[in-house]
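One structure is given here, and the rest of the page talks about it.
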Amino acid sequence: MAMKQTKAAAARRDPYRNFRFRLEIDGIAAAGFSEVMIGETVTEAIDYREGNEFNHVRKLPGLHKFGNVTLKRGMTASLEIFQWHKLILDGATANARRNVAVIIADESGTDQARFTIRDAWPAKYAVGNLNGKGNEVLIETLELA
C-alpha cells in the first residue's frame with residue numbers, strides 16, 4: 001500500500017547559531033558584548049499530601065527562581081558599564097534598574113527570538129587579569145540580577 005503525501009514538505013529549520021545575537025540595554029549605547037550567559041529559570045517542586053492520602057505525594061509548583069545574566073566584552077575607553085554598576089555601589093538602586101533584551105538572529109540577520117530581562121541591575125562587575133607577558137584582550141564582566 002502506498003501513502004500519498006498531500007501537504008508540501010515542511011521547510012528545513014536549522015538551529016540558530018550562538019554567535020548571531022545582539023544586546024539592547026536601556027540608556028547604554030556601548031553594549032557590544034562578545035558573550036552572554038542567560039541564567040536558568042527554576043520552579044521549585046513542593047511535595048504535598050492530604051491527610052487521607054497515606055501512600056502518595058503530589059508535586060505542586062512552588063517559588064520561581066531566576067538566575068543572573070552574565071555579560072562579557074572587551075574593555076574600551078567607555079565607562080558606561082562601570083558607571084551603571086557604580087549606581088548600585090552609591091545606593092541608587094532605583095535609578096540603576098534597566099530593561100535588557102538579548103535578541104537572537106537567524107542566518108539572514110532577521111530577529112527570531114528575544115529574551116527580555118526587566119528591571120535588571122548590576123550585581124557584580126569585574127575586570128579580567130592583567131598580564132605583562134600576554135596579548136589577550138582585557139575582558140570586562142558584568143553580572144545582572
Side-chain angles (χ1 to χ4, degrees), residues 3-50 53 55-145:
M3 187 171 167
K4 247 186 181 178
Q5 189 172 11
T6 56
K7 293 184 179 182
R12 180 176 152 168
R13 291 192 165 281
D14 290 332
Y16 300 126
R17 307 293 175 109
N18 70 348
F19 60 85
R20 297 193 64 90
F21 69 91
R22 73 178 189 283
L23 197 70
E24 294 175 357
I25 301 174
D26 289 350
I28 296 180
F33 289 88
S34 58
E35 189 174 344
V36 176
M37 292 167 281
I38 300 172
E40 65 182 8
T41 301
V42 177
T43 301
E44 291 181 354
I46 298 172
D47 290 340
Y48 173 76
R49 183 181 67 83
E50 291 190 11
E53 296 175 334
N55 294 338
H56 99 216
V57 174
R58 299 175 194 204
K59 297 276 186 185
L60 300 176
L63 295 175
H64 307 295
K65 293 183 180 180
F66 300 93
N68 290 349
V69 175
T70 304
L71 311 172
K72 292 185 179 184
R73 73 175 192 164
M75 191 168 184
T76 65
S78 170
L79 295 176
E80 286 181 297
I81 298 300
F82 174 76
Q83 289 169 344
W84 184 21
H85 178 62
K86 191 169 179 334
L87 288 172
I88 296 296
L89 296 176
D90 294 341
T93 306
N95 297 332
R97 295 185 182 274
R98 305 275 189 274
N99 292 326
V100 177
V102 180
I103 299 108
I104 311 298
D106 62 13
E107 289 295 318
S108 69
T110 305
D111 294 353
Q112 295 297 322
R114 176 182 289 260
F115 296 92
T116 304
I117 302 99
R118 281 178 269 159
D119 295 328
W121 53 274
K124 183 178 180 181
Y125 174 82
V127 176
N129 296 331
L130 300 172
N131 182 350
K133 297 178 186 177
N135 65 352
E136 294 86 16
V137 172
L138 183 60
I139 300 296
E140 189 175 31
T141 303
L142 184 69
E143 190 173 313
L144 304 177

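What you see is a predicted model, and the numbers here were worked out from it, not measured in a lab. Just so you know, these numbers use all the heavy atoms, side chains as well, and skip hydrogens, waters and symmetry mates.
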Closest contact, heavy atoms only, [X] versus [Y]:
X      : Y     : value
Pro122 : Ile88 : O-CG1, 3.6 Å
Lys72  : Met37 : CE-CE, 3.7 Å
Phe21  : Val36 : CE1-CG2, 3.5 Å
Thr43  : Pro61 : CG2-CB, 4.0 Å

Working to the nearest 0.5 Å, report the span between [atom1] of [X] and [atom2] of [Y].
X      : Y      : atom1 : atom2 : answer
Leu130 : Leu138 : CG    : CG    : 5.5 Å
Ile117 : Arg97  : CD1   : CZ    : 14.0 Å
Leu71  : Glu140 : CG    : CD    : 10.0 Å
Arg22  : Ile103 : CZ    : CD1   : 4.0 Å
Ile38  : Phe115 : CD1   : CZ    : 4.5 Å
Ile25  : Glu80  : CD1   : CD    : 9.0 Å

Could you check whether any side-chain heavy atom of Ile81 comes within less than 4.5 Å of a side-chain heavy atom of Arg73, counting everything from C-beta outward?
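Yes, side chains in contact.
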Is there a side-chain contact between Lys59 and Asp47 in this structure, where contact means two heavy atoms from C-beta onward sitting under 4.5 Å apart?
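The answer is yes; the side chains approach within 4.5 Å.
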Does [X] have more than 12 heavy atoms from other residues, nucleotides or ligands lying within 6.0 Å of its [atom1]?
X     : atom1 : value
Glu50 : CD    : yes
Asp90 : CG    : yes
Arg49 : CZ    : yes

Val100 and its side-chain contact (heavy atoms from CB on, under 4.5 Å) partner, picked from Asp119, Asp26, Leu144
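It is Leu144, the one option of Asp119, Asp26, Leu144 that forms the side-chain contact (heavy atoms from CB on, under 4.5 Å) with Val100.
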Which residues satisfy the ring pair (Phe, Tyr, Trp, His ring centres under 6.0 Å) test with Phe82, sequence neighbours excluded?
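Ring pair (Phe, Tyr, Trp, His ring centres under 6.0 Å) list for Phe82, sorted by chain: Tyr125.
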Could you check whether any side-chain N or O of Arg20 sits under 3.5 Å from a backbone N or O of Asp106, counting only pairs where one atom can act as donor and the other as acceptor?
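Yes, the answer is positive, given that a donor and an acceptor are paired below the 3.5 Å cut-off.
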For Thr76 and Ser78, does a side-chain donor sit closer than 3.5 Å to a side-chain acceptor?
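Their side chains do not contain a donor-acceptor pair, so the 3.5 Å distance test is not met.
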